[in-house]
Amino acid sequence: MKPSSEEEEEAVRGVGPWDECFEVAVQLALRAGQIIRKALGEEKHVSTKTSAADLVTETDHRVEDLIVSELRKRFPSHRFIAEEATASGAKCVLTPSPTWIIDPIDGTCNFVHRFPTVAVSIGFAVHQELEFGVIHHCTEERLYTGRRGQGAFCNGQRLQVSRETDLAKALVLTEIGPKRDPDTLKVFLSNMERLLHAKAHGVRVIGSSTLALCYLASGAADAYYQFGLHCWDLAAATVIIREAGGIVIDTSGGPLDLMSCRVVAAGTREMAALIAQALQTINYGRDDEK
Ligand code: IPD
């Protein structure tokens with residue numbers, strides 16, 4: 001693939017490709033974390049989006065505006081996919097151009113309830129390939145990072161996924177997703193039941209898909225699956241999991257499609273396949289067709 005002019009410039013300056021972008025993403029994720037931590041204890045204006053359980057606050061908008069405007073100033077030719085802009089009608093299309101994929105507050109429902117599991121997620125893709133991910137667990141001040149070919153870290157400590165292959169010894173994470181109609185809930189609960197029948201040690205829902213995926217990358221869980229998560233929930237975490245040695249695939253068992261709103265992630269290929277086989281599909285459509 002032909003390098004972009006920015007990649008060529010960085011090579012001339014003797015720095016790795018996208019080093020500057022990565023550093024800026026880390027600084028912005030830390031700044032955003034400060035804003036979110038402060039706002040967590042304050043009064044919030046809450047609105048709903050696609051369902052009564054799909055929430056947004058003024059802090060989601062404020063953080064997204066900060067991240068996007070700072071990145072635009074630094075990298076005017078880059079493209080953006082950001083959660084709240086997409087909710088307001090912006091197209092969600094991943095082109096070969098350098099593209100930032102941003103979730104300003106992942107775990108907005110937790111944030112609204114002051115449940116302290118919230119994150120900022122910033123992913124970066126070039127030629128439709130994920131280059132790096134930065135996720136800041138705002139309340140615990142943990143910074144998760146992954147760069148393609150350079151490993152995954154949390155506050156400087158290298159991450160390593162679990163090597164478990166047996167579903168009967170697995171701790172599995174999932175998230176409910178925004179749809180709450182009876183048919184969706186029936187399949188959601190039946191998927192959980194199938195894993196419990198297969199004797200998984202436990203199934204957990206923590207309210208932040210990006211942080212659940214970071215726990216998987218850390219080896220604190222063996223698998224993750226979800227229907228209804230978006231590319232901004234998944235982009236940064238995918239690099240972190242892959243760089244920690246894990247697998248991220250589609251719920252069909254095939255390759256990951258970032259826009260399909262479906263994912264299975266696991267420490268091992270065997271575990272990912274077992275989870276994918278157990279699941280019934282919930283159709284959320286595609287991010288790039290909304
Ligand atoms: C949501 C959370 C939630 C998951 C949803 C996500 P948001 O992100 O990660 O746990 O179930 O699918 O969209 O709306 O808090 O950024």
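Read the numbers this way: they start at 1 and go in the same order the structure lists the ligands and their atoms.
Partners of K91 by salt bridge (Lys or Arg N to Asp or Glu O under 4.0 Å), not counting sequence neighbours: none found.
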In a table with atom names and distances, give each donor-acceptor pair under 3.5 Å that connects a side chain of residues 236-244 to protein atoms at least two apart or in another chain.
{"from": "T238", "atom 1": "OG1", "to": "L234", "atom 2": "O", "distance (Å)": "2.7"}
{"from": "E243", "atom 1": "OE1", "to": "G149", "atom 2": "N", "distance (Å)": "3.4"}
{"from": "E243", "atom 1": "OE1", "to": "Q150", "atom 2": "N", "distance (Å)": "3.3"}
{"from": "E243", "atom 1": "OE1", "to": "G151", "atom 2": "N", "distance (Å)": "2.8"}
{"from": "E243", "atom 1": "OE2", "to": "G149", "atom 2": "N", "distance (Å)": "2.7"}

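Not a single N or O atom of C109, backbone or side chain, sits closer than 3.5 Å to an N or O atom of ligand 1.
A side chain to side chain contact (heavy atoms under 4.5 Å, CB included) with H137 holds for exactly one of T210, D106, L211, V118; it is L211.
For atom 10 (O) of ligand 1, the closest heavy atom belonging to the protein is E175 OE1, 2.8 Å.
Shown here for M271 and T165, the closest heavy-atom pair between the two residues is CE-C, 3.8 Å.
Every atom of ligand 1 with a heavy atom of D103 under 4.0 Å away is listed here by number and element: 16 (O). Of all atoms in ligand 1, listed by their number and element, those nearer than 4.0 Å to a heavy atom of E83 are 7 (P), 14 (O), 16 (O). Against a heavy-atom cut-off of under 4.0 Å, S208 is close to the following atoms of ligand 1: 9 (O), 10 (O). Those atoms of ligand 1 that come under 4.0 Å of a heavy atom in T108, given as number and element, are 15 (O). In summary, the atoms of ligand 1 found under 4.0 Å from a heavy atom of D233, numbered by their order in the structure, are 6 (C), 8 (O), 13 (O). Close approach to G177 involves these atoms of ligand 1, each under 4.0 Å from a residue heavy atom: 11 (O), 12 (O).
Not close to ligand 1: K49, with no non-hydrogen atom less than 4.0 angstrom away.
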